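This report concerns only the one structure given below.
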Amino acid sequence: MRIGYPCINRSVGCTASTTFRLASYSSVRLETCIRNNISCLRKILQFNAGNGLLFFRIPSGLVPFASHPICTYGWAGRFAKDFREIGRYIRENNMRISMHPDQFVLLNSTDEEVVLRSVSELKYHAKVLDLMRLGRDAKIQLHVGGVYGDKESALERFAERYARLPRQVRKRLVVENDGHLFSLSDCLKLHSLTGIPVLFDSFHHSLNNNGESMRNAILLAEATWAVQDGPLMCDYSSQQRGAKRGTHASTINLPDFAAFVSQAKGIELDIMLEIKDKEKSAIKAARLISEAKPGN
DNA sequence: AGTTGTCAAGCTAGT
DNA sequence: ACTAGCTTGACAACT
């Protein structure tokens, strides 16, 4: 079981997703920005390795404007060697990687333009992982998208468009249950239509479910992952005490986390902690896991 | 130096 | 009609 956190590390003193305004775009500006982001990504991965955190979500903003028409700069060639080195570091340390395109990526939109932009953005995400030469277990996670007034046809549109995606994208794409529209059972329906693996978000599941127990839900999601896809990926968060329902906790509640892990007993999975204090909570969780392991 | 309006992109639910 | 929320605030113009 690998433990990780998404995108931002507040200890290393840099971010791997610095950006700039479209209005001030230039290839020089972009190159500088990418160089800084890549260098920070290295630092974060080293920090993670040193702290037993082997699961990380690479921010979508690593290469700003990568899928925008303004970007004609050959960043993939220019930074090919850097991506390869980072990929080697990831593999040598047995790390797991995910990416999560932002809310504008909607495969099932009723607007064809939105779909086209979404596919470009997905290709960019796949390109980053391919440049790192990561295996098929490095995943791109997406929500189903909007309902557009009819959930069944929204699911069908996703399935149709998934089938037509380039292989490089399709082999990495996984779908995640969300907290108010598409539940685990909706995602499982999508899996039966397409074969797409289902990334299980435990917090979303607690907000939006069809009565499945936590353990049963984990088992159902786990069954959608083929061997080549790697172990089941899970997003984990807990409710901030006293805050509005759906608010992520500011720091990890270890007893809650231990209870979740016990629900997954005997199931191989990697867990990403969507908790506001990021690596701080992840380190606590990873320590809990390694102390619980016999022989450690 | 610190504050604040705005930033490529979409949709839903709550107010 | 407007805004918060979503995987993640930060850029850049202004005071």
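Note that the coordinates shown come from a computational prediction; the quantities given were computed from them, not determined experimentally. The chains referred to below are lettered A, B, ... by the order of the sequence lines, with proteins before strands, and numbering in each begins at 1.
Not counting sequence neighbours, the partners of A:Glu85 by the salt bridge (charged side-chain N to carboxylate O under 4.0 Å, His left out) test are A:Arg42, A:Lys81. Not counting sequence neighbours, the partners of A:Asp186 by the side chain to side chain donor-acceptor pair (under 3.5 Å) test are A:Lys151, A:Ser183. A:Lys265 pairs by the salt bridge (charged side-chain N to carboxylate O under 4.0 Å, His left out) definition with nothing, not counting sequence neighbours. Applying the salt bridge (charged side-chain N to carboxylate O under 4.0 Å, His left out) criterion to A:Asp201, with sequence neighbours excluded, gives no partner residue. Under the salt bridge (charged side-chain N to carboxylate O under 4.0 Å, His left out) criterion, A:Arg96 pairs with A:Asp137, A:Asp270, sequence neighbours left out.
Pairing analysis of DNA chain B (Watson-Crick: purine N1 to pyrimidine N3 plus N6-O4 or O6-N4; G-U wobble: N1-O2 and O6-N3; both under 3.5 Å) yields stems of 3 or more pairs at B:1-7 with C:9-15, B:10-15 with C:1-6.
In the model, A:Glu160 has no side-chain atom that pairs as donor or acceptor with a side-chain atom of A:Asn108 under 3.5 Å. Side-chain polar atoms of A:Ser39 and A:Asn36 form no donor-acceptor pair below 3.5 angstrom.
Nucleotides C:dT8 and B:dA1 have their P atoms positioned 31 Å apart, rounded to a whole Å. Spacing of P atoms, B:dT3 relative to C:dG5, comes out at 22 Å, to the nearest Å. For the P atom pair drawn from C:dT7 and C:dA12, the interatomic distance equals 26 Å after rounding to whole Å. Nucleotides B:dA8 and C:dA1, compared at atom C1', are 24 Å apart to the nearest Å.
Using a 4.0 Å heavy-atom distance criterion, A:Leu181 is classed as a sugar-phosphate-only contact.
Shown for residues 144-162 of chain A: residues whose heavy atoms fall under 4.0 angstrom of DNA chain B, namely A:Gly146, A:Val147, A:Tyr148.
Of all nucleotides in DNA chain B having an atom under 4.0 Å from a heavy atom of chain A, the first and last in 5' to 3' order are B:dG5 to B:dA13.
Using a cutoff of 4.0 Å between basic side-chain nitrogens and carboxylate oxygens, A:Lys189 and A:Glu156 are not scored as salt-bridged. Salt-bridge formation is not detected for the pair A:Arg10/A:Asp277: no Lys NZ or Arg NE/NH1/NH2 atom is positioned less than 4.0 Å from an Asp or Glu carboxylate oxygen.
Applying the disulfide (SG to SG under 2.5 Å) test to residues at least two apart or on different chains, none of the pairs has a partner in residues 111-199 of chain A. Applying the ring pair (Phe, Tyr, Trp, His ring centres under 6.0 Å) test to every pair with at least one member in residues 88-120 of chain A, sequence neighbours left out, gives these pairs: A:His100-A:His143.
Centroid-to-centroid, the aromatic rings of A:Tyr236 and A:Phe260 come within less than 6.0 Å.
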Protein proximity profile, nucleotides 7-15 of chain C - base contact B, sugar-phosphate-only contact S, no contact -, cut-off 4.0 Å on heavy atoms = BBSBBS---
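If you chain together ILVMFWY residues whose side-chain heavy atoms come under 4.5 Å of each other, A:Val227 ends up in a group of its own.
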